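Order of listing sets the numbers, starting from 1, for every ligand and every atom in it. Please read these numbers as outputs of a predicted model, since none were measured by experiment.
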Amino acid sequence: MTVDLKSGVAVYVRKIDQRLADLIPRALPGQTQLDAAIAASVLAPGKRLRPLMTAIAAEDLGGNLGPAIDAGCAVEMVHAASLILDDLPSMDDATMRRGQPAVHITYGEDVAVLASIGVLAGAFEMLTTIETLPPAARTECIRLLTRAVGVGGLVGGQFEDLRGGRAARPVADIAVANGLKTGSLFSAAVEIGAVVAGADAMTRTRLREFAAELGHAFQLLDDLLDGGSSAITIGKDIGKDVGKSTIVSMLGRPSVVHRIDRHVETAHARLNDVFGPAGRMHILVGAIFDTTLRARMAEAAGSEAGLREQEAGAR
Ligand code: GRG
């Protein structure tokens, strides 16, 4: 089944949400707090970018949507598990996520940690059960997702961010941490889509390159928004990066806007290599960095440049 992406993202998101509701791990009878914490974290209204990428990559490479959506849901569960941990007082100490109280705020830190592990385990167990995928493809999906979580992925990136982020560090080191923290799960999302479609090694390499560029652009955008003025608009705490060495704090907002543009351009070029100019992933990338966001980015860059000019004029 194919859906025109421009009008159809909502259709995909609905399908993903329905499958997530079916596939999330359920706690034992009577363990209502754990059950509710799991549901609150996974089913909260996120953008579902990662499963969208899995579904679009698979379909546009000739694969079936059903197994792609289920595999994408596993990626989304890993993402949700990571957000629970990221918000804990010992990590980012955030109170709000996806427009709702963070899981540890509502259910306590103990339940939040257990919910995260439960969701993580549930994601991998679910991948083993996608019957419409050949066993070798299921194993490969599990390998890719495991690698994205581990020391060479989310865990390594988060460690670097927590420990290295407190002092000034070279921009190149921050970019490496961003790649691990954000790019690794994007890479797993698209490569899993390629595995579902049975794509060749070269296609998988190009998609990984695309996801790496997108990951850099996305993390930079996330950091820019953290310095913005409204937690309500982005649905999570702002100012969490204050005192942290990010590329925004090192180079300033205008320079980061240019960097985002360059990464997005290269991401589109890698997509062209795989899908040509008409590929639907181009539209998804366009939607992530949509015109409203671009206007806000430009405004942020402009106001800072304006501020600097004023400061220079006053000197
Ligand atoms: C054991 C899974 C696991 C992880 C341990 C805590 C941790 C290591 C990693 C956290 C990494 C992290 C929070 C990266 C940030 C990624 C990011 C940009 C999140 C925001 O993504 P969006 O905007 O969020 O797609 P929504 O809410 O829309 O899904």
Side-chain angles (χ1 to χ4, degrees), residues 9 13 16-17 20 38 40-54 72-94 96-104 109 112-124 145-163 165 174 176-189 211-212 214-226 228 231 233-238 240-241 244 246-248 260 263 284-285 287-290 293:
V9 168
V13 170
I16 290 164
D17 282 342
L20 280 173
I38 288 172
S41 83
V42 181
L43 305 182
K47 294 182 285 297
R48 312 294 185 228
L49 293 177
R50 296 153 189 83
L52 278 170
M53 283 184 216
T54 308
C73 285
V75 181
E76 180 68 15
M77 286 191 214
V78 166
H79 172 55
S82 79
L83 297 182
I84 298 176
L85 297 185
D86 188 48
D87 289 339
L88 288 174
S90 56
M91 297 211 186
D92 258 18
D93 194 13
M96 194 174 156
R97 173 70 69 176
R98 294 173 165 175
Q100 297 172 4
V103 173
H104 68 91
E109 280 182 59
V113 170
L114 293 175
S116 173
I117 298 170
V119 170
L120 195 62
F124 289 104
L145 199 51
T146 312
R147 202 181 52 185
V149 170
V151 290
L154 294 178
V155 167
Q158 182 77 348
F159 177 81
E160 184 52 38
D161 220 38
L162 290 171
R163 288 294 189 269
I174 307 176
V176 169
N178 287 351
L180 297 172
K181 205 173 83 160
T182 301
S184 58
L185 206 50
F186 282 1
S187 286
L214 189 71
H216 284 301
F218 193 76
Q219 187 56 53
L220 290 174
L221 177 63
D222 203 65
D223 292 348
L224 266 188
L225 295 177
D226 180 83
T233 316
I234 63 169
K236 56 182 184 175
D237 298 8
I238 55 168
K240 288 283 113 189
D241 290 345
K244 225 165 104 177
T246 66
I247 297 184
V248 176
I260 292 174
H263 285 302
L284 184 63
V285 174
I288 297 172
F289 300 92
D290 71 3
L293 259 181

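The nearest heavy-atom contact from the protein to atom 12 (C) of ligand 1 is K181 CG, 3.9 Å. Among protein heavy atoms, the minimum distance from atom 6 (C) of ligand 1 is reached at S82 O, 3.5 Å. The closest protein non-hydrogen atom to atom 25 (O) of ligand 1 is R50 NH1, 2.8 Å. Among protein heavy atoms, atom 16 (C) of ligand 1 sits closest to T182 OG1, 3.7 Å.
Side-chain contact check for L120 versus V78: some heavy-atom pair is nearer than 4.5 Å. Between V155 and F159 there is no side-chain heavy-atom pair separated by less than 4.5 Å. Residues D226 and V248 fail the side-chain proximity criterion, which asks for heavy atoms closer than 4.5 Å. Looking at L185 and M53, their side chains never come closer than 4.5 Å, going by heavy atoms from C-beta outward.
Those atoms of ligand 1 with a heavy atom of D86 less than 4.0 angstrom away are 6 (C), 13 (C). Counting atoms of ligand 1 from 1 in the listed order, those under 4.0 Å from a heavy atom of V78 are 2 (C). Shown in contact with L85 at under 4.0 Å from a heavy atom are these atoms of ligand 1, numbered in order with element: 1 (C), 6 (C). Counting atoms of ligand 1 from 1 in the listed order, those under 4.0 Å from a heavy atom of Q219 are 18 (C). Counting atoms of ligand 1 from 1 in the listed order, those under 4.0 Å from a heavy atom of F218 are 18 (C), 21 (O), 22 (P), 23 (O), 25 (O). In summary, the atoms of ligand 1 found under 4.0 Å from a heavy atom of R98, numbered by their order in the structure, are 26 (P), 27 (O), 29 (O).
A donor-acceptor pair is defined here as one N or O able to donate and one able to accept, closer than 3.5 Å; such a pair exists between the side chain of R98 and the backbone of S41.
Separating the NZ atom in K47 from the CG atom in L52 is a distance of 11.0 Å, to the nearest 0.5 Å.
A salt bridge links K244 with D161; the closest basic N to acidic carboxylate O contact falls under 4.0 Å.
Under 4.0 angstrom from ligand 1, the non-hydrogen atoms of H79 all belong to its side chain. Here Q158 has side-chain heavy atoms under 4.0 Å from ligand 1, and that is the only part of it that gets that close.
Of all the heavy atoms in C73 and I16, the pair that sits closest is SG-O, 3.8 Å. The minimum heavy-atom distance between A94 and H104, with the atom names listed, is O-NE2, 2.9 Å.
When the options L145, L120, N178 are ranked by their closest heavy atom to atom 1 (C) of ligand 1, first place goes to L120.
For ligand 1, the polar-atom distance check finds an N/O of K47 within less than 3.5 Å of one of the ligand's N/O atoms.
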